[in-house]
Each structure stands twice: as structure tokens, then as C-alpha cells.
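Side chains are part of it too, since the values below use all heavy atoms of this structure and drop only hydrogens, waters and symmetry mates. This one's a predicted model, so the numbers in the text were calculated from it and none came from an experiment. Just follow the structure's listing: the first ligand is 1, and inside any ligand the first atom is 1.
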Amino acid sequence: MSARLLLIGPPGAGKGTQAQRLSEALGVPAISTGDIFRMHLRNETELGLKARAFMDAGDNVPDTLTNDLVSDRLSQPDAAAGFLLDGYPRTIDQVRALDEFLATHGASMDAVVELVAEPDVVVERLKKRALDQGRADDDEAVVRHRLDIYAQQTAPLIGVYAERGLLAKVDGIGEIAEVTERIESALAARGILFTA
Ligand code: ADP
């Protein structure tokens, strides 16, 4: 079925992991702005070169760059029937850009899933990921900065989507499969069905 969803939550809440699982279950592409930016870094594209300093410091990449990237991606045919956004929107300006994109395409969001996780838990998770994957922005000081940026710039979006009646709050602590089930039942309660 078609579903337009987004996952919101602090770094380390498990958005990427859950997005992969939900995308398979729903048959819609998972679109992670962080993954797309990392691909640009690896390939040393012009966008990658522009984004690198922001990412390494744990700051948001500027909105104009990010909004253009997402509007290109959402214009691809595989996103026409639905998508699951992970890590976007992250600022009020990005919400505005997404609203505009959707309005232009006669579409709207179906639900916003907030993955809830305490800062202490996510810092521990990201320390582990730093060892496993070696992401430069998983260094502890950078992680703490990313959490600050989340609290200042992204957490306010939760209220915006709650006011629109789109918010489903889900506890992100627990086994991966258990968290997926929580999300699926929160979405099912909103009429978003899983066929797989
Ligand atoms: P996390 O959610 O764990 O912080 P991501 O993979 O989503 O990690 O993002 C990594 C980095 O990519 C961010 O710190 C930021 O620099 C950049 N980035 C990702 N998504 C966005 C976005 N929507 N707006 C601005 N910058 C972004």
C-alpha cells in the first residue's frame, strides 16, 4: 500500500535500523538523508565536499542543500507511491520545504513516528557504533553536540506534527524486532497496514 511516513528521534535512537525493516514490510523506499550524504562523501562529489565539514562537526548540513537533495530523491519514480523518510526533516525550514513538495504533488504525510530514547542510552549505543563502524561523527564529543543540535533544532518538530494529529510516539528501547512490532502496531492503529 502507499504510505508516506517519517521517523524522527535523536541520533542513536535506531531510526536507520527500523527504517530498513519497515521499508521492507511496507514496500516503500527508506530514504535516509544521512546515508545519502555519506555516499556523497565517499564519492567526493561536489555536494559531499560541501557537506563534509558540517557532518564531521555534528552540525546540520545547510537547509538549502538538504532540501534540494530530498526534493530530487522524492521525485524519483520509486517514491511516487510512498516513502519512509529517516533523518529528514530536521529543522522547521525543512518541514516547510517538505510541505511545499507534498502540496505540489497533491500528497500529504500519513504518520510521523517518534522513536523515543534517553540521551544516556543513545550515547552508549553510538560509542559502540564508533568502534564497529568508525564513523567520524560518533566520537563522544561530536555525539553530545549532535544531541544538542537535535534538542534545539529537531525536537520542536515533534510538537508541529503532534498538532497536525500525525504523531505516533514509540519507545525505542528494547530488542530490534520488539521495537519494529511497536511501530507496526502504532501505524496499524492509524490504518497503515502491513501486508508482509
Ligand atoms: P544521526 O541521526 O545518527 O545523527 P544521520 O545519519 O541521520 O545520523 O546524519 C548524519 C549527519 O548527516 C548529520 O549530523 C548531519 O550533518 C547530516 N544530515 C543528515 N540529515 C540531515 C538533514 N535532514 N539536514 C541537515 N543535515 C543532515
Candidates H145, R90, Q94; heavy atom nearest atom 21 (C) of ligand 1 found on R90

Applying salt bridge (Lys or Arg N to Asp or Glu O under 4.0 Å), run through K127 and D139 and close with a yes or a no.
CA-CA 7 Å; K127 270 190 198 165; D139 166 84; over 6 Å; no

Any idea which part of R135 is under 4.0 Å from ligand 1, heavy-atom wise: side chain, backbone, both or neither?
side chain

Cut-off 3.5 Å, side chains only: do D59 and H145 have a donor facing an acceptor?
yes

Just checking, any donor-acceptor pair under 3.5 angstrom between side chains of Q153 and N60?
yes

How far apart are the closest heavy atoms of F101 and H105, and which atoms are they?
O-ND1, 2.7 Å

Distance to 0.1 Å, residue and atom name: give those for the protein heavy atom nearest to atom 12 (O) of ligand 1.
M55 CE, 3.4 Å

Within a radius of less than 6.0 Å around CD of E178, do more than 12 heavy atoms belonging to other residues, nucleotides or ligands occur?
yes

So which heavy atom in the protein is nearest atom 3 (O) of ligand 1, and how far is it from that ligand atom?
R146 NH2, 2.8 Å

Are side-chain N/O atoms of R21 and T180 paired as donor and acceptor at under 3.5 Å?
yes

Provide, to 0.1 Å, the distance between atom 26 (N) of ligand 1 and the closest protein heavy atom, together with that atom's residue and name.
V61 N, 2.9 Å

Please classify the T66 to ligand 1 contact at 4.0 Å (heavy-atom distances, strictly less than): side chain, backbone, both or neither.
side chain

Atoms of ligand 1 under 4.0 Å from any heavy atom of R129, numbered from 1 in the order shown, are 3 (O)

Please list the nearest protein heavy atom to atom 2 (O) of ligand 1 with its residue and the distance rounded to 0.1 Å.
K15 NZ, 3.2 Å

D93 and N67: which non-hydrogen atoms are nearest, and at how many Å?
OD2-ND2, 3.1 Å

Residue part near ligand 1, for R125, under 4.0 Å between non-hydrogen atoms:
neither

If you count the atoms of ligand 1 from 1 in the order shown, which ones are under 4.0 Å from a heavy atom of D137?
10 (C)

Salt bridge between D138 and R146, side-chain N to carboxylate O under 4.0 Å?
yes

Close N or O approach (G87, ligand 1; < 3.5 Å):
yes

Should you measure from each heavy atom of G34, which atoms of ligand 1 turn up under 4.0 Å away?
5 (P), 6 (O), 9 (O), 19 (C), 20 (N)

salt_bridge(D35, R38) N-O dist < 4.0 Å:
yes

Of the protein's non-hydrogen atoms, which lies at the shortest distance from atom 20 (N) of ligand 1, and what is that distance?
T33 OG1, 2.7 Å

Hey, is D59 touching ligand 1 through its side chain, its backbone, both or neither, going by heavy atoms under 4.0 Å?
backbone

